[in-house]
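This structure is a prediction, so every number in the text was calculated from the model and none was measured. Atoms within each ligand, like the ligands themselves, are counted from 1 in listed order. Only this structure's heavy atoms are used, side chains among them; waters, hydrogens and symmetry mates stay out.
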Amino acid sequence: MSLRHAPWAEGHDFSIGLKPIAPEHWLEGGEADPTARKDALLAAHRDLVWGETADSRAGQAEIADLLGVAAADDQPPLLAAARTVADDLILMEKTDGDWRVTALSLSAPTFFTAAEVLGKSLAELHGPVHGFAERFLVRVRRIFDGLRPELILERRNWTIVNSGESFTPHSAPVRAQIPDLRTETAGRDLFIRVERQTLRRLPRTGGALFTIRVWLDPLDSLTKDPERLAAFARAWREAPADFKAYKGFSLYAPLVEGFLRAHGETHSVNGT
Ligand code: HEM
């Protein structure tokens, strides 16, 4: 479905933004064959898309049970579970007083890899996110600590990228293509990349399951709906400087501005 999620319409800054959802809305499904996509990535780049720590098998098995996936002799339980769903699955467990990534299947990364994040704490994971330690860390830790078993939380984020691929572990090869892009075709070549994330408790082992699902739509898909286009233009122009710098928006500014002007969104950029 095109533009299923429009988080830019709801807020322009970094936010925790976790909201409860009904259990029947947990994972959105709809991908015909996630197994084929994930198996191909696993065969080609195992360390980028899969990782587990030594003591994580009980938590992994709880996730497999939650998804109704039977144990397989030849596969870690979290991997067997992740192959059956469109979403990436990340097991978070509290060890040495900190919530850490203890196992993950990560097939749609936005510029990070399983190898890089395995074992990292919430603080370490979010080191590059401007202001995270000051504004969010304490609250996010508390959310992990206090998660009730019956509660499922959802958050969404967004960025702009010049790639329609869901598997983008590294930014450099993507960004190297930017100089070749032209304003006239920016609506086709630039994508709004939305991550829908969910978080829930694993009551048996005490861990938490974090899921990530990526949705990609070309900028052109905004032109079907003038209200969406206007909301996007506002978000693009009004996002705080920190947020824009973190997401590399200056790299895309002439292209996005050209696209917006070509479609009648002619307001000035930050008063200039
Ligand atoms: C559930 C609570 C969480 C909150 C509120 C949160 C919040 C954020 C925020 C605000 C960002 C900046 C991009 C954006 O706008 O989303 C971010 C980036 C990121 N988050 Fe989280 N996050 C959470 C959980 C996690 C977990 C469990 C992981 C485990 C892998 C994770 C991994 C990352 C990574 C790898 C980035 C990119 C950092 C970079 O630029 O290198 N986050 N997160």
Side-chain angles (χ1 to χ4, degrees), residues 5-21 26 48-53 56 59 63 78 82 87-95 98-148 151-161 168-172 174-175 192-202 207-215 235-236 239-249:
H5 297 289
W8 66 87
E10 290 160 21
H12 308 162
D13 198 357
F14 291 120
S15 74
I16 292 183
L18 285 162
K19 298 203 177 94
I21 54 167
W26 178 37
L48 301 186
V49 300
W50 167 251
E52 62 175 331
T53 57
S56 64
I63 295 171
L78 182 64
D87 305 66
D88 285 339
L89 303 181
I90 299 172
L91 172 60
M92 300 290 295
E93 293 181 290
K94 201 167 184 180
T95 56
D98 245 330
W99 284 94
R100 294 179 183 281
V101 177
T102 59
L104 77 166
S105 165
L106 181 73
S107 300
T110 309
F111 305 154
F112 68 106
T113 68
E116 280 162 22
V117 301
L118 185 68
K120 284 200 171 164
S121 67
L122 284 169
E124 290 162 348
L125 289 163
H126 295 97
V129 182
H130 300 183
F132 191 92
E134 301 78 20
R135 292 170 65 191
F136 303 133
L137 181 59
V138 172
R139 270 188 290 159
V140 172
R141 273 192 194 134
R142 245 185 242 139
I143 291 168
F144 273 82
D145 282 339
L147 261 182
R148 285 180 280 118
L151 194 66
I152 303 178
L153 299 172
E154 177 196 79
R155 73 181 291 269
R156 298 167 312 174
N157 69 19
W158 67 281
T159 193
I160 297 294
V161 284
T168 49
H170 305 297
S171 60
V174 175
R175 294 195 162 149
I192 305 176
R193 185 175 177 111
V194 170
E195 284 182 9
R196 174 189 182 262
Q197 306 167 344
T198 73
L199 181 67
R200 65 187 294 175
R201 169 70 75 227
L202 298 167
L209 170 58
F210 186 68
T211 70
I212 305 176
R213 174 82 178 267
V214 163
W215 295 92
W236 171 262
D242 243 14
F243 182 91
K244 291 183 182 172
Y246 170 74
K247 306 217 170 200
F249 282 1

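Aromatic ring orientation, W8 versus W158: perpendicular (interplanar angle above 60°, classes split at 30° and 60°).
Short contacts between ligand 1 and I90, defined as distances under 4.0 Å to a heavy atom of the residue, involve ligand atoms 30 (C). Atoms of ligand 1 found under 4.0 Å from any heavy atom of F14 (numbered from 1 in listed order, with element): 12 (C), 15 (O). Residue contact check: F112 has heavy atoms under 4.0 Å from atoms 35 (C) of ligand 1.
In this structure, W158 has no heavy atom closer than 4.0 Å to ligand 1. Put simply, part of K247 is less than 4.0 Å from ligand 1, judged by heavy atoms. Ligand 1 lies out of reach of F243, whose nearest heavy atom is not under 4.0 Å from it.
Shortest contact from atom 3 (C) of ligand 1 to any protein heavy atom: V140 CG1, 4.1 Å. Among all protein heavy atoms, the one lying closest to atom 14 (C) of ligand 1 is N157 ND2, 3.5 Å. Of the protein's non-hydrogen atoms, Y246 OH, 3.3 Å is the one closest to atom 39 (C) of ligand 1. Of the protein's non-hydrogen atoms, R155 NH2, 3.4 Å is the one closest to atom 10 (C) of ligand 1. If you check which protein heavy atom lies closest to atom 41 (O) of ligand 1, you get P128 CG, 3.3 Å. Among all protein heavy atoms, the one lying closest to atom 12 (C) of ligand 1 is V129 CG1, 3.5 Å. For atom 33 (C) of ligand 1, the nearest protein heavy atom (residue, atom name, distance) is H126 NE2, 3.6 Å. The shortest contact between atom 29 (C) of ligand 1 and any protein heavy atom is with L125 CD1, 3.5 Å.
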Take T211 and T198 through the test side-chain hydrogen bond (donor to acceptor under 3.5 Å, both in side chains) and record every step on the way to the result. CA-CA 5 Å; T211 70; T198 73; 2.4 Å; yes

side-chain contact (heavy atoms from CB on, under 4.5 Å), that's the test. Do W215 and R156 meet it? Break it down for me. CA-CA 10 Å; W215 295 92; R156 298 167 312 174; over 6 Å; no

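For the pair L18 and V140, the minimum side-chain heavy-atom distance is 4.5 Å or more.
Rounded to the nearest 0.5 Å, atoms NZ (K94) and CG (L122) are 10.0 Å apart.
Contact check on R135 versus D242 returns no salt bridge, with no Lys/Arg side-chain nitrogen under 4.0 Å from an Asp/Glu carboxylate oxygen.
Remark: the backbone N or O of D145 is paired with a side-chain donor or acceptor of R201 at under 3.5 angstrom. Between the D88 side chain and the I212 main chain, no donor and acceptor come within less than 3.5 Å of each other. At distances below 3.5 Å, at least one donor-acceptor pair connects side-chain atoms of R155 with backbone N or O atoms of S15.
The aromatic ring centroids of F14 and Y246 lie less than 6.0 Å from each other.
Under 4.0 angstrom from ligand 1, the non-hydrogen atoms of M92 all belong to its side chain.
Closest heavy-atom approach to atom 7 (C) of ligand 1 within the set F136, F144, F132: this belongs to F132.
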